[in-house]
Number of protein chains: 2
Amino acid sequence: MVISDDLETVKKSGNQYRIESLAKGLQVLKLFDENTVSLRLREICERTGIPMPTAFRIVSTLEEDGFLDRTPDGDLQPGVSVLTLGSAALRGSSLVQVSEKPLRHLAETTGETVNLGILINDQVLYLARLRNADLVTANVQVGSTLPAVYTSMGKLLLAFLSEAELDERIGGHSFTAVAGPNAVTSRAELDARLAVIREQGYSIQDQELAQGLRSVSVPVFGRADAPVAAVNIAVSSSRHDVESLRGALLEHLREAAADISVRLKAL
Amino acid sequence: MVISDDLETVKKSGNQYRIESLAKGLQVLKLFDENTVSLRLREICERTGIPMPTAFRIVSTLEEDGFLDRTPDGDLQPGVSVLTLGSAALRGSSLVQVSEKPLRHLAETTGETVNLGILINDQVLYLARLRNADLVTANVQVGSTLPAVYTSMGKLLLAFLSEAELDERIGGHSFTAVAGPNAVTSRAELDARLAVIREQGYSIQDQELAQGLRSVSVPVFGRADAPVAAVNIAVSSSRHDVESLRGALLEHLREAAADISVRLKAL
DNA sequence: TGTGATACTTTCATTGGGCGAAACCGTGTT
DNA sequence: AACACGGTTTCGCCCAATGAAAGTATCACA
């Protein structure tokens with residue numbers, strides 16, 4: 001739409017409608033993640049570059065609305081609103097609701113760790129996860145994201161994208177992240193693997209994410225003919241080789257995915 | 001602090017540091033809850049009273065930062081940032097982490113629905129919940145809140161507050177909400193029940209929240225001598241009478257709570 | 001094809017609210 | 001007592017946030 005990048009007034013942000021003060025507040029909220037349980041005002045300033053009085057006002061506002069809480073000693077933590085919002089969003093998703101029973105069944109019949117994930121840009125977002133008792137598993141939780149190209153769910157979902165969409169999402173990927181021994185290291189290699197996945201209809205990851213981890217994924221379909229999500233079974237390499245994944249586990253996985261797909265279409 | 005309510009400039013909000021535009025953005029975010037999965041721009045305007053151009057800008061900003069997503073047909077939904085933030089906050093809480101195993105054990109040995117909750121103002125916030133197969137249960141999920149005075153966990157946690165704190169939290173409570181047949185209906189009645197709870201060290205709710213539901217709760221302690229959370233067992237009244245709750249179930253519950261407390265103190 | 005309604009997008013002028021420098025405060029440390 | 005540090009409050013400037021109003025796209029119904 002905006003053709004006028006003629007002047008140097010392009011601004012850093014592409015959105016002409018962005019409200020700066022709101023964006024700053026969101027930026028502060030996003031500082032809190034799995035590794036960052038609590039922060040002090042000073043740390044918020046350091047990490048964001050926002051001057052202290054402004055950060056103070058932002059924090060006051062976030063606190064007032066329950067998005068931040070203060071521990072007795074003044075540390076700032078995500079507040080109730082964040083919890084309620086997040087859980088509501090997660091549970092509100094019909095995909096998650098509908099998957100609950102099939103996933104539980106899958107986990108029980110196979111005894112393995114199972115996951116449900118969707119594609120967000122170049123990342124896989126884990127929407128549900130049922131862990132088994134394996135000592136070594138990927139360190140992900142509901143809400144975590146991982147680079148799509150190193151995971152079986154991610155590659156599966158990438159495989160169903162058009163060439164253009166694929167470019168858009170992973171065109172800039174550097175393939176240099178720390179990953180497992182068999183990780184893809186170039187776009188060409190990725191394209192080849194995606195072709196195989198398209199061919200066989202399922203996706204396997206053999207120690208691509210990390211040493212010792214394998215997984216197999218299949219698609220979940222909604223009403224449209226593109227997959228809306230992926231389900232997988234993740235195992236320790238010590239207990240299952242690649243062929244084992246292609247056998248009974250894949251069969252159970254397919255049943256679960258089909259079950260979820262049917263329930264989705266029935267909505 | 002601010003003694004000057006002398007002028008009529010008291011303003012609706014008590015916070016002199018509030019940033020209006022940020023607050024409005026948060027208000028929009030909060031529209032999304034368990035019953036509100038998606039909204040249109042027009043609905044956002046109607047529900048908040050924010051004029052459309054402003055709402056448009058707010059939504060653009062929230063979208064840009066991943067706090068809102070747009071379905072193919074333009075409906076607005078909570079975005080990835082909300083999911084990741086919320087789950088991170090939930091999982092980041094050491095209380096939830098530490099409770100996982102004991103709660104699972106409790107659920108398995110008793111076969112009942114078990115919950116973990118904390119007190120937020122006059123509400124109980126459910127941090128963890130393991131449901132059994134009962135047809136009728138309270139319609140709560142992780143992240144849900146319920147009025148403390150109608151729940152066993154809530155009353156238990158209220159019972160440990162000082163008179164002043166109690167006043168502050170439920171001083172304005174009207175006791176008129178739709179609740180179960182045995183719900184407390186006055187502050188005096190509540191005080192009496194809290195006294196009993198303090199006496200016996202556990203809390204029972206017998207169809208106070210809703211017809212057909214009973215539960216029993218005990219406290220979880222951290223390093224301080226006030227409880228940090230409550231654990232409960234929630235049953236259908238058709239399968240357990242009140243005396244049954246006081247028996248073996250209470251015993252198992254106490255063990256789980258003690259287990260969690262020990263783990264908390266070991267951190 | 002035309003008419004109108006609806007929902008959203010863009011413009012624009014006006015102004016109040018957001019902004020950061022700087023001063024201030026409280027607490028702990030040397 | 002002097003200092004440092006983290007947080008709070010003041011103050012005045014000015015621009016970014018605001019909403020009225022105009023513009024556009026889409027759909028429904030004739």
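Only a predicted model underlies this, so the values are computations on that prediction, with no experimental measurement involved.
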TODO: Starting from the 5' end of DNA chain D, give me the residue, A:L22 or A:F56, whose nearest nucleotide shows up first.
DONE: A:F56
- [ ] Starting from P on C:dA7, measure out to CD on B:E43 and report it in whole angstrom.
- [x] 9 Å
- [ ] Select base, sugar-phosphate, or nothing to describe what B:P53 touches, counting heavy atoms under 4.0 Å on all strands.
- [x] base
Open item on the list: Tell me the interatomic distance from A:Q16, atom CD, to D:dC15, atom P, rounded to whole angstroms.
Closed with: 20 Å
Open item on the list: Under a 3.5 Å distance rule, please check whether A:S203 uses its side chain to pair with a backbone N or O of A:I197 as donor and acceptor.
Closed with: no
Task: d(CD1, B:I50; P, D:dA20) in whole Å - done: 13 Å
Open item on the list: Can you say whether a donor on the side chain of B:R18 sits under 3.5 Å from an acceptor on the base of C:dG17, or the other way round?
Closed with: no
Open item on the list: I need the CG-P distance between B:L41 and D:dA25, as an integer number of Å.
Closed with: 18 Å
TODO: Specify the separation, in whole Å, of atom CZ of A:R70 and atom P of D:dT8.
DONE: 6 Å
TODO: Output the single nucleotide from D:dT8, D:dG7, D:dT18 whose closest atom is nearest the side chain of A:I19.
DONE: D:dT18
Open item on the list: Please check: side-chain N/O of B:N121 versus main-chain N/O of B:Q123, any donor-acceptor pairing under 3.5 Å?
Closed with: no
Open item on the list: If I take atom CD in residue B:E20 and atom P in nucleotide D:dT18, what distance separates them, rounded to the nearest angstrom?
Closed with: 9 Å
Task: Donor-acceptor contact present, side-chain A:R129 to main-chain A:V140, <3.5 Å - done: yes
TODO: Ignoring backbone atoms, test whether B:R40 places a side-chain nitrogen or oxygen under 4.0 Å from the OP1 or OP2 oxygen of C:dC8.
DONE: yes
TODO: Compare side-chain N and O positions of B:K24 against OP1 and OP2 of D:dT18 and report whether any pair is under 4.0 Å apart.
DONE: yes
Task: Distance below 4.0 Å between B:S21 side-chain N/O and D:dA17 OP1 or OP2 - done: no
Open item on the list: Other residues, nucleotides and ligands only: do more than 12 of their heavy atoms fall within 6.0 Å of NZ on B:K265?
Closed with: yes
Task: Spacing of A:M52 atom CE relative to D:dG6 atom C1', expressed in whole Å - done: 6 Å
Open item on the list: Taking 4.0 Å as the cut-off, does a side-chain nitrogen or oxygen of A:Y17 come that near to OP1 or OP2 on C:dT10?
Closed with: yes
Open item on the list: Tell me whether B:R57 is salt-bridged to B:E64, with the criterion being a basic N under 4.0 Å from an acidic carboxylate O.
Closed with: no
Task: Interatomic distance where CZ belongs to A:R42 and P belongs to D:dG6 [whole Å] - done: 5 Å
